[in-house]
Amino acid sequence: MYDELDEKKYLYLLIIIPILVLIFLFNLYWKRRKQKEFGDLKLVKKLTPEKSVFKSTLKITVFLLALACLILGLVNPKLGTKVETVKREGIDIVFAIDVSKSMLAEDVAPNRLEKSKQIVSQIINQLGSDRIGIVAYAGSAFPVLPITTDYSVAKMFLQSMNPGMVSSQGTSLDEAIQLSSTYFNPDSKTSKLVIMISDGEDHSEGIEDATEEANKNGLKIITIGVGTEKGGPIPLKRNGVVESFQRDQNDQIVVTKLNETTLKEIAKNTKGGYVNGNNTKEVIDYVKHALDNIEKSEFETKQFANYQSQFQWLLGIAFFLFFLDIFFLEKKTTWVKKMNLFNEKE
C-alpha cells in the first residue's frame, strides 16, 4: 500500500475545525450564562422542552466531519494498491558537474554554475527511461545522487548544488571521471555515458590515465564547456551583494577563462564529444542527437505504485454530510429522550 498527498498546502485549512469547536463550546457557555441571568435553569428548560443539547452537538459534529472531508478532498490523497511491472530500456547517464569557485564567474548569465544546472535540467526533461546519477567535483569529487530513475529527486538535488558542498577547492577532472566510473556496474551491458559540465580549468595531473581507464571500461564522455575565452572575475557575495572579487597570492584579481582544449581532449580520448554550453538549445540538440545514436539496453524490471486519486470519494461524503446536516433540527426526538443523553430529563 502506497499513499501520497497531492496538494499538501490545503492541510492548513484543518485549523478551522478546532476554531469552530471552540466557538461552539463558547456559544454553549454563553447561552447557559444568559439563561442563568434570565431566570432559574429548570424553569427555562420547561419553557423550551424540545431544545436538545445532543441534537446541537450532533449537528455541529456532522458539519465538522463534512468540512474535514471537503478539505481532505482538496488535498487529494492518492492511494496505490495496484503494482505494475515495467521493463525499462535506456542507458545509464552520470552528470559530473563542476562546483568549484570559478563556476561562480558571471561571464555567462546568471553565472557558470547556474547555467550548468539549467543545461542539466533541460537534458533530464528530454530523457525517457534512462537512469541518471549526479557527481559534484572541485578539488575532489563528491557523490550527490546514485543511479536512479526518479527525475524529480534528481532535479531537487541538482538545484541544491553549490561550491560549499566540496571542501577542497580547485578543479580535479580526473577524480570526477574516476568517481563517475564507480556509478556503473562493470558487468552490465547497458551503455554508459558521462556528461561532464565544466569551465575546463584543471589542476590535476592524472587526466590522461583517468580517460584511458574510462575508455577501457566502455565509458563515453560528453564534455560541455561553460564560460567564455575572455573570462571573468569570481565575485564574492554576501546576501546576494558583491563585496569583492577572488584574488591570488599576489593580491591580483583572478580572471577565470574557459579552457576548451582540456575538455575536447577528454571527449576525444573516450570517443565522446564536446559542445560549447553557452547556447542551451544547441547543447540540448547535440546531446539529444548523441543519445539517439547510443544503443539502448533493457536494464531492469521496476515495480511502481499506480496512484489513484481519492478526492471524489471525500467530496462525495462531504456533500452528503452537508446535505444531512440541513435536516438536523435542534429538537429532541423520542429515542433521544429515552436515552437521556446529557442528562436532559428533568
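This structure is a prediction, so every number in the text was calculated from the model and none was measured.
Residues Ile177 and Val194 are not in side-chain contact: their nearest non-hydrogen atoms beyond the backbone lie 4.5 Å or more apart. Counting heavy atoms from C-beta outward, Tyr29 and Leu25 have side chains that stay 4.5 Å or more apart. Side-chain contact between Met161 and Val144: present, with at least one pair of heavy atoms (C-beta onward) separated by less than 4.5 Å. In this structure, the side chains of Thr280 and Ile284 come closer than 4.5 Å at one or more pairs of heavy atoms. Within the 4.5 Å cutoff, side-chain heavy atoms of Asp130 are placed close to those of Lys296. The shortest side-chain heavy-atom distance between Ser180 and Tyr137 does not fall under the 4.5 Å cut-off. By the 4.5 Å heavy-atom criterion applied to side chains, Met103 and Asn111 are not counted as neighbours. You'll find the side chain of Phe320 reaches within 4.5 Å of the side chain of Leu324, heavy atoms only.
Hydrophobic clustering, with ILVMFWY side chains joined whenever heavy atoms are under 4.5 angstrom apart, keeps Val94 apart from Leu158. A continuous path of hydrophobic side-chain contacts links Leu72 to Tyr10 [ILVMFWY only; heavy atoms under 4.5 Å]. Clustering ILVMFWY residues whenever any of their side-chain heavy atoms sit less than 4.5 angstrom apart, transitively, puts Leu127 in the very cluster that holds Met156. Under the 4.5 Å side-chain heavy-atom criterion for grouping Ile, Leu, Val, Met, Phe, Trp and Tyr, Ile123 is connected to Ile134 within one hydrophobic cluster. Neither Phe245 nor Val255 shares a network with the other; the hydrophobic side chains, linked directly or stepwise wherever heavy atoms of I, L, V, M, F, W or Y lie under 4.5 Å apart, form separate groups for each.
Taking CZ of Arg112 as the start and CD1 of Ile97 as the end, the distance is 15.5 Å to the nearest 0.5 Å. For the atom pair OG (Ser244) and CD1 (Ile253), the distance works out to 8.5 Å, reported to the nearest 0.5 Å. We find the CD1-CG distance between Ile71 and Leu14 to be 4.5 Å, quoted to the nearest 0.5 Å. The distance from atom CD1 of Ile207 to atom CG of Leu173, rounded to the nearest 0.5 Å, is 5.0 Å. Separating the CD atom in Glu201 from the OG atom in Ser102 is a distance of 4.5 Å, to the nearest 0.5 Å. Distance OG/Ser191 to CG/Asn293: 11.5 Å, rounded to 0.5 Å.
For the residue pair Ala267 and Tyr274, the shortest heavy atom distance occurs at CB-N, 3.9 Å. What you find for Ile17 and Leu64 is that their closest heavy atoms are CD1-O, 4.1 Å. Taking all atoms of both residues into account, the shortest heavy-atom contact from Gly164 to Asn162 is N-OD1, 2.8 Å. Of all non-hydrogen atoms in Pro143 and Leu179, the two that sit nearest each other are N-CD2, 3.6 Å. Shown here for Ile197 and Ser116, the closest heavy-atom pair between the two residues is CG2-OG, 3.1 Å. Across Ala109 and Lys115, no two heavy atoms sit closer than the pair O-CD, 4.0 Å.
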Is there a side chain to side chain contact (heavy atoms under 4.5 Å, CB included) between Val287 and Ile195 once you walk through the steps? CA-CA 9 Å; Val287 173; Ile195 298 180; 4.1 Å; yes
What verdict does the salt bridge (charged side-chain N to carboxylate O under 4.0 Å, His left out) test give for Arg131 and Asp92, after you've listed the backbone C-alpha separation in whole Å, the side-chain angles of each residue and the deciding distance to 0.1 Å? CA-CA 5 Å; Arg131 298 187 299 188; Asp92 288 343; 2.8 Å; yes
Step-by-step side chain to side chain contact (heavy atoms under 4.5 Å, CB included) determination, Lys192 to Ile91: CA-CA 6 Å; Lys192 307 172 184 68; Ile91 65 173; over 6 Å; no
Quick one: do Ile124 and Phe95 satisfy side chain to side chain contact (heavy atoms under 4.5 Å, CB included)? Show the steps, please. CA-CA 10 Å; Ile124 291 174; Phe95 294 97; 4.1 Å; yes
Could you give me the CA-CA distance, side-chain angles and deciding distance for Ile132 and Tyr151, then say whether side chain to side chain contact (heavy atoms under 4.5 Å, CB included) is met? CA-CA 8 Å; Ile132 60 176; Tyr151 296 163; 3.6 Å; yes
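No donor-acceptor pair closer than 3.5 Å links the side chain of Asp251 to the backbone N or O of Arg247. No donor-acceptor distance shorter than 3.5 angstrom exists from the side chain of Thr262 to the backbone of Asn259, with no hydrogens or angles considered. A distance-only check finds no donor-acceptor pair linking the side chain of Lys117 to the backbone of Lys155 [under 3.5 Å]. Looking at Asn250, its side chain never comes within 3.5 Å of a backbone N or O of Gln252 through a donor-acceptor pair. Judged by distance alone, with hydrogens and angles left aside, the side-chain atoms of Tyr286 form no donor-acceptor pair with the main-chain N or O of Asn276 at under 3.5 Å.
Residues Thr148 and Asp150 bring no donor and acceptor atom of their side chains to less than 3.5 Å of each other. Judged purely by distance below 3.5 Å, without hydrogens or angles, the side chains of Thr270 and Asn215 never pair a donor atom with an acceptor atom.
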Only distances under 3.5 Å count here; give the side-chain donor-acceptor pairs of residues 218-232 to other protein atoms, sequence neighbours excluded, each with its distance to 0.1 Å.
residue, atom, partner, partner atom, Å
Thr223, OG1, Leu263, O, 2.9
Thr228, OG1, Asp107, OD2, 3.0
Thr228, OG1, Gly231, N, 3.0

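Residue pairs meeting the salt bridge (charged side-chain N to carboxylate O under 4.0 Å, His left out) criterion with at least one member in residues 254-283, sequence neighbours excluded, are Lys281-Asp285.
Here Glu106 pairs with Lys237 in a salt bridge; the nearest charged N to carboxylate O distance falls below 4.0 Å.
Residue Gln126 places its CD atom among more than 12 non-hydrogen atoms of other residues, nucleotides or ligands, all under 6.0 Å distant.
Taking the ring centroids of Phe322 and Phe63, they lie under the 6.0 Å cut-off.
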